[in-house]
J.: 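Just dropping this structure here.
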Number of protein chains: 2
Amino acid sequence: MVSVEHPPPATAADTIQTALSVHKAVIVIGNCLVEYKGRASSKLESGERIVIIKEDGSVLVHRPTDYSPVNWQPPGCLFQTEVIKDKLKIRAIRRKPKEAITIVFDKIYLLVLLSLVDEGEFSLYASEEDMQKAILANPSLIEQGFRPITYEKKVEPGFVDVYGIDQNGKFVVVEIKRKTASKDAVLQLQKYIESIKGTVQRDVRGILVAPDVAKGVQPLLYKLALEFKPLSPRRCAEVLSSVRTQKLSEYFKGLPEL
Amino acid sequence: MVSVEHPPPATAADTIQTALSVHKAVIVIGNCLVEYKGRASSKLESGERIVIIKEDGSVLVHRPTDYSPVNWQPPGCLFQTEVIKDKLKIRAIRRKPKEAITIVFDKIYLLVLLSLVDEGEFSLYASEEDMQKAILANPSLIEQGFRPITYEKKVEPGFVDVYGIDQNGKFVVVEIKRKTASKDAVLQLQKYIESIKGTVQRDVRGILVAPDVAKGVQPLLYKLALEFKPLSPRRCAEVLSSVRTQKLSEYFKGLPEL
DNA sequence: GAGTGGATTTCGCAT
DNA sequence: ATGCGAAGTCCACTC
């Protein structure tokens, strides 16, 4: 790791170009302008920012506040550095979609060159997929006697999260949301049920699984004769922790055949 | 701006705590573990990363690749630093939703303290809102004789982007997408039309405005008797550039009353 | 404070 | 490659 305070622009330009060519990451802190043209266009007037260029060719321009970068470029950019009138100009270009950002520094406070090594594994729990897995692994989370038949079943308007039979032999369509379910979720579920009702003779129940429902959703559920089963992603992650495997399809093994 | 290479953990802890208390930004580069618990949970094993803590209490943990941070915290966090067994532990906590990330550094390569000043104005062109404005300012972008009546009109399933009358007095519902329109966009438009047809006696046309449509959308449009008007955000931004005002409502002024 | 929809969304998976 | 939907989405705006 190399860090240089207040490097002259020419030095900075060379250093950055070299670093990028050997796939090192670069951090530049200083006063700059940014322009973007591509899917949209943007202009950012002069100010002090943190710019990160990663070894995969992604770019981030961060202002002093906010979670999200004010300008950026996803991985895969080509770079070009240049000194114009004592200013450092960095241009990052992407094909497909064709777009580019141009960053012009008139002051550079700090330049950092890095070669980070990061083999650490990242695992995330309690996604919607985890909820799906938990239900397949432990169908009684829905209700006593529920038996899943398929997951991600294709019906005309889209894909049903989980599809199964209840203890009375009725078909059950399960729609899963990891957050408070909105009106949209209910309408989606309704669409699936309509679609399935058109193809089978049996009764079809619809169950919305979510930690909560938005206001005004409860009456809608009642009106459409759909059911709600409260279930949090956290709870699902716990249930899953004892039987966690890799793929969703693994959870499907051994489900009762219709 | 202060940058320190390889600071001892105790010094780093104090420095960071002080910096955060006076709302300075901090960058820490080193080898760390990250754990997150809140809306979901995650664990990130040991590796070298760039951590940015901004003055507004947002946190970013960046790996050597990728546009998006592997872990983060939106603005408004409270911080706590600590040294345990020669390791620097940083904890960022947020209420509402209740969540926290914990970052433990066992090696610190670089510590940077910053007080960035950034008053630069940011402007973005060619968003979906720009397309809406362009159409209101120049209705013939849709077709000869089209007259907008309202925008963001509330109908049961949601909001209609632009609503108007064609030269034959038929109602027109316009759905705008700034990217290739998917099946979803068409179904949304269809929902609006159904809803409006239920309340008026006149014919209602549906026009999907987008730079392009996804494969399989064309037949769907035909089947539902909807129309497609190709229009790019870029083109709209150009049209708009000559008449750009501030608010969407400004473009609505002087629209013909029904 | 909750609900709704856009984003230069990004990301991942399936076709 | 394209399409489709989820995301610890974030964010701004409305009610």
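Naming convention: chains lettered A, B, ... in sequence-line order (proteins, then strands); numbering from 1 in each chain.
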J.: Does the plane of the ring in A:Tyr163 sit parallel, tilted or perpendicular to the ring in A:Phe171? Use 30° and 60° as the thresholds.
T.: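 If you compare the ring of A:Tyr163 with that of A:Phe171, the planes turn out parallel.
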J.: With P as the reference atom in both, quote the distance from C:dT8 to C:dT4 in angstrom, rounded to an integer.
T.: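 Roughly 23 Å separates the two P atoms.
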J.: Which part of the nucleic acid, if any, lies within reach of B:Ser42 when heavy atoms closer than 4.0 Å are counted: base, sugar-phosphate only, or nothing?
T.: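 Result for B:Ser42 = nothing.
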J.: Could you tell me the separation between the CG atom of A:Asn71 and the P atom of C:dT10, rounded to a whole number of Å?
T.: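 From A:Asn71 CG to C:dT10 P: 12 Å.
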J.: Search all heavy atoms of A:Val162 against all heavy atoms of A:Pro148 and return the closest pair with its distance.
T.: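 Taking A:Val162 first and A:Pro148 second, the nearest heavy atoms are CG1-CB, 4.2 Å.
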J.: Atom NE2 of B:His62 and atom C1' of C:dT10: how far apart are they, to the nearest Å?
T.: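 Roughly 13 Å, once rounded to whole Å.
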J.: Base, sugar-phosphate, or nothing for A:Lys177, non-hydrogen atoms under 4.0 angstrom?
T.: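 Answer is sugar-phosphate: A:Lys177 comes under 4.0 Å of backbone atoms only.
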J.: Check A:Gln132 against A:Ile176 and note the closest heavy-atom contact, atom names and distance.
T.: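 For A:Gln132 and A:Ile176, the tightest heavy-atom pair comes out as CA-CD1, 3.7 Å.
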J.: Test for a donor-acceptor pair under 3.5 Å between the base of D:dG5 and the side chain of B:Asp184, counting only N and O atoms.
T.: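 No such pair is found, so the answer is no.
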J.: Does the side chain of A:Arg178 get closer than 4.0 angstrom to OP1 or OP2 of D:dT9 through an N or O atom?
T.: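 The answer is yes; a side-chain N or O of A:Arg178 sits under 4.0 Å from OP1 or OP2.
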J.: Under 4.0 Å from OP1 or OP2 of D:dA1: is there any side-chain N or O of A:Lys96 that close?
T.: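 Negative; the distance criterion is not met.
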J.: It should be established whether A:Arg39 places a side-chain nitrogen or oxygen under 4.0 Å from OP1 or OP2 of nucleotide C:dA7.
T.: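 Answer no for this pair, as no side-chain N or O of A:Arg39 is under 4.0 Å from OP1 or OP2.
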J.: Would you call the rings of B:His62 and A:His62 parallel, tilted or perpendicular, where under 30° means parallel and over 60° means perpendicular?
T.: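 Ring orientation, 0 to 90° scale: perpendicular.
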J.: Under the 3.5 Å rule, do the base of D:dG8 and the side chain of B:Gln73 count as making a donor-acceptor pair?
T.: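 Indeed, a donor on one side and an acceptor on the other fall under 3.5 Å apart.
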J.: When you check the phosphate oxygens OP1 and OP2 of D:dG8, does a side-chain N or O of A:Lys179 lie under 4.0 Å from one of them?
T.: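 Checking A:Lys179 against D:dG8: no side-chain N or O falls below 4.0 Å of OP1 or OP2.
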J.: Is A:Pro233 touching bases, backbone alone, or none of the nucleic acid, heavy atoms closer than 4.0 Å?
T.: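 Nothing: the residue A:Pro233, judged by heavy atoms under 4.0 Å, touches no strand.
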J.: Given the structure, check if the side chain of B:Glu128 and the base of C:dG6 hold any donor-acceptor pair shorter than 3.5 Å.
T.: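 Answer no: no donor N or O sits under 3.5 Å from an acceptor.
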J.: B:Asp161 has an atom CG; how far is it from atom C1' of C:dG5, in whole Å?
T.: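 Value for this atom pair: 10 Å.
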J.: OP1, OP2 of C:dT10 versus side-chain N and O of A:Trp72: anything below 4.0 Å?
T.: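 Answer yes for this pair, as a side-chain N or O of A:Trp72 is under 4.0 Å from OP1 or OP2.
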J.: Identify whether any heavy atom of A:Ser41 sits under 4.0 Å from a base atom; if not, whether one sits that close to sugar-phosphate; answer base, sugar-phosphate or nothing.
T.: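 No contact.
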J.: C:dA7 C1' sits how many Å from A:Tyr36 OH, rounded?
T.: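 For the pair A:Tyr36 OH and C:dA7 C1', the rounded distance is 11 Å.
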J.: Between A:Ser68 and D:dC11, is there a side-chain N or O to OP1/OP2 distance below 4.0 Å?
T.: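 Result: yes.
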